[in-house]
Structures are given as C-alpha cells and as structure tokens.
Amino acid sequence: MPATKTQFVCQSCGSTQPRWLGRCPSCGAWNTFAEEQITPRSGRSRGKVDKPSSQPQVLADLVPDQSPRLPGNLPELDRVLGGGFVKASSVLIGGDPGVGKSTLLLQAAASVASKGCGVLYVSAEEAPAQIRLRSDRLDLACYDLQVLGESDNSEAIKWAEKLKPGMVVVDSIQTLRRTDLESAPGTVTQVREVASSWTDWAKQNESVVVLIGHVTKEGAIAGPRVVEHLVDAVLLFEGDHVGDVRILRTLKNRFGPTGELGVFEMSTRGLKGVENPSKLFLSQGGERLPGVAVSAVINGSRPMLIELQALVTRSFFSAPQRNATGVDQRRLSLWIAVLEKRVGLVLAGQDVFLNAAGGLRLEDAAADLAAVTAIASSLKDQPVRPDTVLIGEVGLTGEVRAVGSLERRLSEAAHLAFKRAVIPATGWKNKSFDGIEVIPVGSLDEALEVSLADR
Ligand code: TYD
Ligand code: MG
C-alpha cells in the first residue's frame, strides 16, 4: 500500500503546495488552501515507460472522426452540443444550485432511453425515490432508465461496468467520492479524480458520460473549472433567479461550435425548449415607449432579436448611478461618454439604468447602436420609430462600425415583421432586404436622427 501524503491544494485553481499559504501564488486567491490526503496510485512509477503503446500516424492517412451521436428529444440541447451527445465522450454541465441541471439531464436521459439506449442515472444528491417523484412531475415515461443512489464512486463505476449503459449521468461530481482518498467530497482532488475516472470509462466503453457540477458565478470553490480540461465539452446552464428563462451555453466543445446558445423555459412540467427566442426577448404590446430599442445579435449559429431598455432620470446623488443588467458595466460608461462628447447630450446629473430583456447576457458588439439609442431615447423622451431594428457597433469617435453576418440578422428581423433596419453604412449596398427598408448610417448623430420619432 503506497504511503499517504499530505498536501495543501488551492480550491480555486487546483495548484498544490507542501504547506499552507494565505494566498495562492498561482491564481492570487486568498484563503483557498485546504489540506488534502493524497494516496499515490500503485503500479508503474510515473514517467517510467517501457515501450510505446501507440504509434504516430500520417495525418493524411487518418480517417476523420465521425463518432455517432445520441440525439435526445430536446432540440435546444442537441443544437448546443452540435447535434446530440457524441459516443465515447464526456460532457460537464455546470450551473448554480437550483437552476435546473438535474431536471434537464433527467429529461435528456429519458429521451435517450426512449430510443432504446440503456441509461444509468447515478445520484449522490437525491434518493432514487425523489428522482421518481421528479420524473412523475415531468411526466416522463420510465423506459430503460436505471437509477442508482450511490455516493461511492468506485461502486457506481462497478455498476456501469456491469450494466454497460450507452449513457451515464453523474449527479453531481461534488457529491460523489473516491473512498480510497481521504479528502472530503467536493475538494479539488476528489472532483478531479471522479471526473477523470468517468472520462476514462466513457472512452473505454464508447459511452456518453454527463457530469453535473455546481458552480458559483464568482468562479467556484473546488468548482468544475479544475476539470474543464479533462472533459470533451463544457456547458454552462444559467438563469436569473426571478424569471423562468434558462440559457445553456457552450464554453468548450471538441465536437461542435462554441458560442452556441440554447434557450429554455422552466415550467411546472419541466424545461421546454424555446424555438423562437426572439419573441421571448421582445416585449409584447404595440406601443413603443421612450427608452426601448431592439437589436439583432448572433449567438453561435443563431440570430436573435433582443430588446434593450434604458431609463434615464435626474439623479439625487452627487455621483449619479450607472447600472447595467446583462450588459458590461464598462461598456455602459463608454456609451455615456460617447453620447456626451460626440452627440452633445448632457448625461451628467442623470442616473442611467440599462437592461437587456429576458436575462440574456449581451456579448455581441452589434447591440451597441441599440443600447446607445435606448439611452438617448429615454433622455430625450422620444421613442424609437415603430418596427425599427438597430444593428451596429459604436466606436469611440461616435462612428457606426460594420458588423458581421448582417444578412442573417436582417432575415431574423424580417421574420418578426420589422419594417426598418438602421445599419452601418460600410459594406452594404441594397436599399431593402426581404421587405425591410434598410437605412445605412455612418455616425451616431445620423443614427439618432433616423431612429427617434418626434415626441
Ligand atoms: P433542479 O433540477 O433540482 O436544479 P439543480 O439540479 O440545478 O440544483 O431544479 C430546481 C428548481 O426547478 C426547483 O426550484 C424547482 C424547479 N422545477 C420546476 O419549476 N418545474 C419542474 O418541473 C421541476 C422538476 C423543477
Ligand atoms: Mg440537482
């Protein structure tokens, strides 16, 4: 039996030290070192190799990987994965506690099982009876779906070896533990060992393993970040705690695109994919109010219309508030500065609030023009003209800069019956597109001129 070693592991980045330190020299985090017992694996000593077990091959001679996929009945999940789960791969789904990870995976597991593929759901968090309760609530047919209530990782692997399921869901990597390691469940060592044992199992058995992990917005203590490099795909399941909208995004995908978004709504009967998210992110009701502007953004392969709402009011504080939700706070400051300097609007002494509707986080610069217009619209109390979509990046000199995929953005706007599109002047020639009047603008001044209606 190899000797057990004590070491201190940073619970934030996973780096190890022989003694406790107040601050991690690798990631700079304070007070993150925890004592962990490491039992080195027995067998061949590390780094000592007798003969190579694999051969290098000429790239041109290799057959491209066309791993079969396991599509579920959840098109939003399948699209985010790039066409379904890939056999012999491992996927990590991270998210805040309570966001709906177990719900999503139980629905996916049931639909994969309904196609005749064996599925093992390993739950260390909830008792099997609780899972049955959830499946009843979700109205799932209980096909060949085996549920195992187990927190000992080696026992769970033994069952997987025996049942040979095509898919395994591990709920969650923070609660399963290897009993031969002395560290507590959820510590970096445990999380890493559990994740790597399942990833190895998936490769050896041509199965899909989905690991569920809890992660906090701050970057997670012993969170799944330390296992990101071990798995083939990392998805993040997010949602604001007030609304029902849940967003699944890819952080890493070895078998498909990243930047893809899946949109779900949490209902009393579980998660439902939202086929047309643009409708969800646009407020209903015909009358346009000051401070509201619509843009077309691209997330992965899909264009989406999104509404930006601004409220500009006289401030009662010496330092006015600048508050952004779903938009980077620094960009809000920048837009305010551009409006002050280049357009001549006076925003000093005004509180500015800016929201992206529906809890979406905006990362596409093409939404700049709509954000700036929404702020100007609220300040001037002039609504944006009806059925107008605004697309373009705003530069520091107040110029409207070109953005990519304009055609896809315009088609989505046409699809939702928009009639006018204000777009960057560079790179576009036609006067109309699919029934939309296209208005090219070079500067923010011009854009506000054509976008804002009279009071
Ligand atoms: P859960 O999947 O347990 O979250 P996680 O595994 O990420 O911790 O779901 C948590 C929330 O979802 C819970 O507060 C209840 C809600 N919920 C619904 O609104 N409808 C449903 O059908 C189900 C199963 C859960
Ligand atoms: Mg759960």
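In what follows, every heavy atom counts, from backbone to side chain, and hydrogens, waters and symmetry copies are set aside. Residue numbers run from 1 in the order of the sequence given. Order of appearance sets the numbers: ligands from 1, and atoms from 1 within every ligand.
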Say whether Ser267 and ligand 1 are in contact under the criterion: heavy-atom distance to a ligand atom below 4.0 Å.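 Under 4.0 Å: yes for Ser267.
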One thing to verify: whether [Y] and [X] come together as a salt bridge, which I'm taking to mean a side-chain N less than 4.0 angstrom from a carboxylate O.
X: Lys419; Y: Asp387; result: no
X: Lys203; Y: Asp232; result: yes
X: Lys158; Y: Glu161; result: no

Within the side chain of Asp364, is there an N or O that forms a donor-acceptor pair under 3.5 Å with the backbone of Ile298? yes
Does [X], backbone or side chain, put an N or O under 3.5 Å from an N or O of ligand 1?
X: Met266; result: no
X: Gly98; result: yes
X: Arg134; result: yes
X: His214; result: no
X: Gly100; result: yes

Taking atom CZ as the centre, does Arg385 end up with more than 12 heavy-atom neighbours from other residues, nucleotides or ligands that are less than 6.0 angstrom away? no
Under 4.0 Å from atom 13 (C) of ligand 1, is there any protein heavy atom? no
To the closest 0.5 Å, what do you measure between CD1 (Ile131) and CG (Asp171)?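 Rounded to the nearest 0.5 Å, the CD1-CG separation comes to 6.5 Å.
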Interatomic distance, Asp368 atom CG to Leu390 atom CG [nearest 0.5 angstrom]: 11.5 Å
Measure the distance from [atom] to every protein heavy atom, then report the residue, atom name and distance (to 0.1 Å) of the closest one.
atom: atom 6 (O) of ligand 1; result: Ser102 OG, 2.6 Å
atom: atom 2 (O) of ligand 1; result: Thr103 OG1, 2.5 Å
atom: atom 15 (C) of ligand 1; result: Arg137 NH2, 4.5 Å
atom: atom 22 (O) of ligand 1; result: Gly270 N, 2.9 Å

Ligand 1 atoms in contact with Leu138 (distance to a heavy atom under 4.0 Å): 22 (O), 24 (C)
Would you mind listing which atoms of ligand 1 come within a distance below 4.0 Å of any non-hydrogen atom of Arg269? 22 (O)
Closer than 2.8 Å to the Mg ion (ligand 2), do we get an N, O or S atom from Ser102, backbone or side chain? yes
Which residue in the set Arg249, Arg79, Arg302 passes salt bridge (Lys or Arg N to Asp or Glu O under 4.0 Å) when paired with Glu260?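 Among the candidates, only Arg79 passes.
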side-chain contact (heavy atoms from CB on, under 4.5 Å) between Leu347 and Leu339, intermediate numbers included: CA-CA 8 Å; Leu347 285 143; Leu339 279 172; 3.8 Å; yes
